[in-house]
Amino acid sequence: MIPVNEPRIAKNALKYVSDCIKTGWISSSGSYLKEFEEKFAARFGVKHAITTTNGTASLHLAIAALNIGKGMEVILPAHTMMSSATAIVYTGAIPVLVDVERDSWNMDVTQIEKKITKKTKAIMPVHIYGLPVDMDPVIKLAKQYNLAIVEDAAESTGATYKNRLTGTLGDFGCFSFYANKIITTGEGGIVLTNDDELAAHARLLKDMAHSPKQRFLHEEIGFNYRMTNMQAALGLAQLEELDKYLKIKLWMAGMYNKLLSGLEGITLPVEKPCAKNVYWMYGILIEDSFGISREQFMVELLDRGVDSRTFFVPMNKQPALLKMGLFKRERYPIADEIGEKGLYIPSGLAITKAQIEKVCEAIIVVHKKFHGKNK
Ligand SMILES: *Cc1c(COP(=O)(O)O)cnc(C)c1O
């Protein structure tokens with residue numbers, strides 16, 4: 001079976017992590033945390049990098065640090081992972097959706113302005129599957145309406161928009177280091193910001209909001225979102241190999257693009273002149289003209305030893321959010337459509353040339369078997 005994702009563990013990981021264990025620095029202070037944050041900030045050219053326990057926590061921390069809370073609104077795409085919306089809901093704020101583009105699967109930025117109300121406090125662009133959102137219009141709207149930008153860069157570590165790194169384009173950039181992400185610490189995350197005050201607030205909230213005047217006195221409700229030194233040690237080793245990882249992703253996508261091009265009924269991911277995809281996952285759409293549904297297609301792949309995953313279920317179809325009375329009578333046709341037609345094929349950093357070829361062979365055989373047969 002070819003898995004959808006296998007992590008790649010960096011060369012120095014074992015050395016750094018065992019150093020933590022040997023020295024006893026296993027919890028949420030230690031030199032690896034400091035070094036990882038400093039090197040991450042330097043690599044991304046930002047002033048502050050603040051480690052967290054995971055990507056969801058990164059998003060929640062960013063929104064909380066902006067003092068966004070009850071009754072306020074945050075605009076995000078309908079097609080994203082549930083974490084983007086839950087992070088907003090955790091603070092008492094309300095997620096407001098915009099539909100996505102049919103080709104990029106990213107937030108349709110032309111639809112943001114009509115969703116802005118007096119309650120809107122922030123826009124959360126999500127660089128989906130590693131492709132940057134068209135950020136200039138987002139930045140312009142944020143300035144015009146005095147809104148914050150919280151980038152969900154969980155899937156786009158290293159991706160650039162007009163030669164600028166995603167996660168550095170807003171007030172906060174939020175990353176995940178889950179096992180299938182481009183850099184992993186097992187579980188983990190980081191938030192980036194250039195704003196000294198926001199950074200200080202995020203650091204305070206992340207560590208239970210102990211009053212700077214007196215420990216164990218709390219003027220705000222904080223969180224325990226502290227990463228361990230062991231995770232940071234793993235992260236540091238991973239960060240050292242980030243450029244190599246990004247090259248592997250591009251090579252993988254290049255092979256898929258070449259081997260899968262011209263198969264009618266299969267839509268491949270795009271790049272835009274201003275947005276460089278890092279192909280966190282290589283997603284495809286099984287169009288109606290293919291002849292079978294996405295579900296049948298995935299079963300056919302599985303029969304041939306190839307694992308895959310569906311795209312995210314859109315936010316407008318999440319029972320947990322609908323139960324809150326959200327998105328009633330709202331329509332997000334593109335998010336619905338790609339949520340039904342999209343899947344991603346094996347795209348992890350440990351993938352081999354032979355595996356990519358086998359995946360493509362399987363897809364081509366299934367295409368031959370069904371394409372045009374069910375018309
Ligand atoms: C992975 C992911 C997250 C959440 O990260 P966790 O580390 O799993 O909490 C948030 N948003 C997007 C778009 C993601 O892909």
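Note that ligands are numbered from 1 as they come in the structure, with each ligand's atoms numbered from 1 the same way. The first residue in the sequence is number 1, and the count goes up from there.
- Under 4.0 Å from ligand 1, heavy atoms of T56 appear from its side chain as well as its backbone.
- Looking only at protein heavy atoms, the nearest one to atom 3 (C) of ligand 1 is M81 SD, 3.5 Å.
- The atoms of ligand 1 that sit less than 4.0 Å from any heavy atom of V126 are 13 (C).
- Between H60 and Y225, the two ring planes are perpendicular [angle over 60°; tilted spans 30° to 60°].
- If you check which protein heavy atom lies closest to atom 6 (P) of ligand 1, you get G55 N, 3.4 Å.
- Every atom of ligand 1 is numbered from 1 in the order shown, and the set under 4.0 Å from a heavy atom of N54 is 7 (O), 9 (O).
- Atoms OG1 and CG, on T23 and N229 in that order, are 7.0 Å from each other to the nearest 0.5 Å.
- Among protein heavy atoms, atom 11 (N) of ligand 1 sits closest to D152 OD2, 2.7 Å.
- Residues satisfying the side-chain hydrogen bond (donor to acceptor under 3.5 Å, both in side chains) criterion with T228, sequence neighbours excluded, are Q231.
- Between F290 and F297, the ring planes lie perpendicular to each other; the angle is over 60°, past the 30° to 60° tilted range.
- Inter-residue side-chain proximity for W105 and F311 is flagged as met; some heavy-atom pair is nearer than 4.5 Å.
- With respect to atom 15 (O) of ligand 1, the closest heavy atom belonging to the protein is E155 OE2, 2.5 Å.
- No path of Ile, Leu, Val, Met, Phe, Trp and Tyr side chains, each step under 4.5 Å between heavy atoms, connects L204 with L66, placing them in separate hydrophobic clusters.
- In terms of polar-atom proximity, defined here as any N/O pair under 3.5 Å, S176 does make such a contact with ligand 1.
- In terms of polar-atom proximity, K181 is counted as a contact of ligand 1, with an N or O under 3.5 Å from an N or O of the ligand.
- With sequence neighbours excluded, the residues that form a salt bridge (Lys or Arg N to Asp or Glu O under 4.0 Å) with E37 are R203, K206.
- Here the heavy atom of the protein found nearest to atom 4 (C) of ligand 1 is S83 OG, 3.5 Å.
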